[in-house]
Amino acid sequence: MLVFSRQKRSVAIRLQQGSVLIESMVALVIFSMGVLALVGLQSAMIKNSSDNRYRAEAQLIAQTHIANMMAYGGDAANYITQVDRDKISTQLPNGTLTFSALTNTMVTVTVGWQVPGGSRHQVNASSYLFDVMP
């Protein structure tokens, strides 16, 4: 009887050999999938953060030009001719700056940019320009 139970135990032990290795490999696969998901999430957050930064910078540039045109008063057309449009390419990737007059008193400033490998974005800012009489 003692011999028979030893044989059963040795057979049971041989059947379970390597089960710890399999369990640890499965745990490693699950862990690595979690790490890859976190890396993907972090890269998406970095991309969105840079997109938001460029959008805020473009809005600031557009609003600054609108404010400067208001400061020029009735001579906004002279301001537009003096603007250095090449400067925007140092502020935004592939940046563009355009001015358009919708009416005699309304002007729109359009700031565009494109991140390499990304799609084109633009921000528009419009305002009415009035002569202020002292």
Side-chain angles (χ1 to χ4, degrees):
M1 189 110 157
L2 186 59
V3 174
F4 184 68
S5 70
R6 276 191 190 165
Q7 287 176 347
K8 277 186 169 181
R9 270 189 275 168
S10 68
V11 168
I13 289 173
R14 271 190 267 134
L15 290 175
Q16 291 183 2
Q17 284 181 343
S19 65
V20 173
L21 180 63
I22 291 173
E23 288 175 2
S24 61
M25 289 179 72
V26 168
L28 184 64
V29 167
I30 291 171
F31 177 75
S32 62
M33 288 174 62
V35 168
L36 285 175
L38 287 176
V39 168
L41 179 64
Q42 186 170 3
S43 69
M45 287 179 2
I46 289 171
K47 180 190 173 299
N48 289 336
S49 175
S50 66
D51 284 349
N52 288 337
R53 184 181 64 117
Y54 291 138
R55 189 173 313 282
E57 184 72 25
Q59 190 66 38
L60 176 67
I61 292 167
Q63 290 296 331
T64 300
H65 285 297
I66 293 280
N68 289 341
M69 281 187 278
M70 286 180 180
Y72 267 69
D75 202 14
N78 188 28
Y79 171 78
I80 291 172
T81 60
Q82 295 176 5
V83 171
D84 181 15
R85 295 174 195 242
D86 295 330
K87 182 181 177 187
I88 191 138
S89 63
T90 63
Q91 297 169 319
L92 293 171
N94 299 317
T96 59
L97 177 65
T98 56
F99 297 92
S100 60
L102 300 178
T103 64
N104 290 341
T105 58
M106 186 173 184
V107 67
T108 299
V109 178
T110 303
V111 179
W113 72 97
Q114 181 177 6
V115 180
S119 60
R120 186 109 183 113
H121 301 281
Q122 72 179 21
V123 168
N124 297 319
S126 298
S127 180
Y128 287 99
L129 302 178
F130 296 105
D131 287 335
V132 178
M133 302 299 280

_Members besides M45 in its Ile/Leu/Val/Met/Phe/Trp/Tyr cluster (side-chain heavy atoms under 4.5 Å)_ = L41
*asked:* Just verifying a value: how many Å separate S100 OG and M106 CE, rounded to the nearest 0.5 Å?
replied: 9.0 Å
*What residues form a side chain to side chain contact (heavy atoms under 4.5 Å, CB included) with A62, not counting sequence neighbours?*
V109, V111, A125
*Nearest 0.5 Å, what's the CD1-CD1 distance between I66 and I61?*
13.0 Å
*asked:* On a heavy-atom basis, which atom in R85 and which in L97 lie closest, and how many Å separate them?
replied: NH1-O, 3.4 Å
_Which residues pass the side chain to side chain contact (heavy atoms under 4.5 Å, CB included) test with R55, not counting sequence neighbours?_
W113, H121, V123
*Report the residues that fulfil side chain to side chain contact (heavy atoms under 4.5 Å, CB included) with T96, sequence neighbours left out, ordered by chain and then residue number.*
R120
*Considering residues at least two apart in sequence or located in another chain, which fulfil the side-chain hydrogen bond (donor to acceptor under 3.5 Å, both in side chains) criterion with Q82?*
Y72, N78
_Going by salt bridge (charged side-chain N to carboxylate O under 4.0 Å, His left out), name the pairs with one or both residues in residues 37-51, residues two or more places apart or in two chains._
K47-D51
Side-chain donor-acceptor pairs under 3.5 Å in residues 24-40, sequence neighbours left out?
residue: S24; atom: OG; partner: V20; partner atom: O; Å: 3.2
residue: S24; atom: OG; partner: L21; partner atom: O; Å: 2.8
residue: S32; atom: OG; partner: L28; partner atom: O; Å: 3.2
residue: S32; atom: OG; partner: V29; partner atom: O; Å: 2.9

*asked:* Is there a side chain to side chain contact (heavy atoms under 4.5 Å, CB included) between V83 and F99? Walk through the geometry before answering.
replied: CA-CA 10 Å; V83 171; F99 297 92; 4.0 Å; yes
*Can you name the residues that form a salt bridge (charged side-chain N to carboxylate O under 4.0 Å, His left out) with K87, not counting sequence neighbours?*
none
_Set of side-chain hydrogen bond (donor to acceptor under 3.5 Å, both in side chains) partners for N124, sequence neighbours left out_ = T110
*Which distance, rounded to the nearest 0.5 Å, do you find between the CD of Q63 and the CG of N68?*
11.0 Å
_So, taking the atom named CD in Q114 and the one named CD in Q122, what distance separates them when rounded to the nearest 0.5 Å?_
12.0 Å
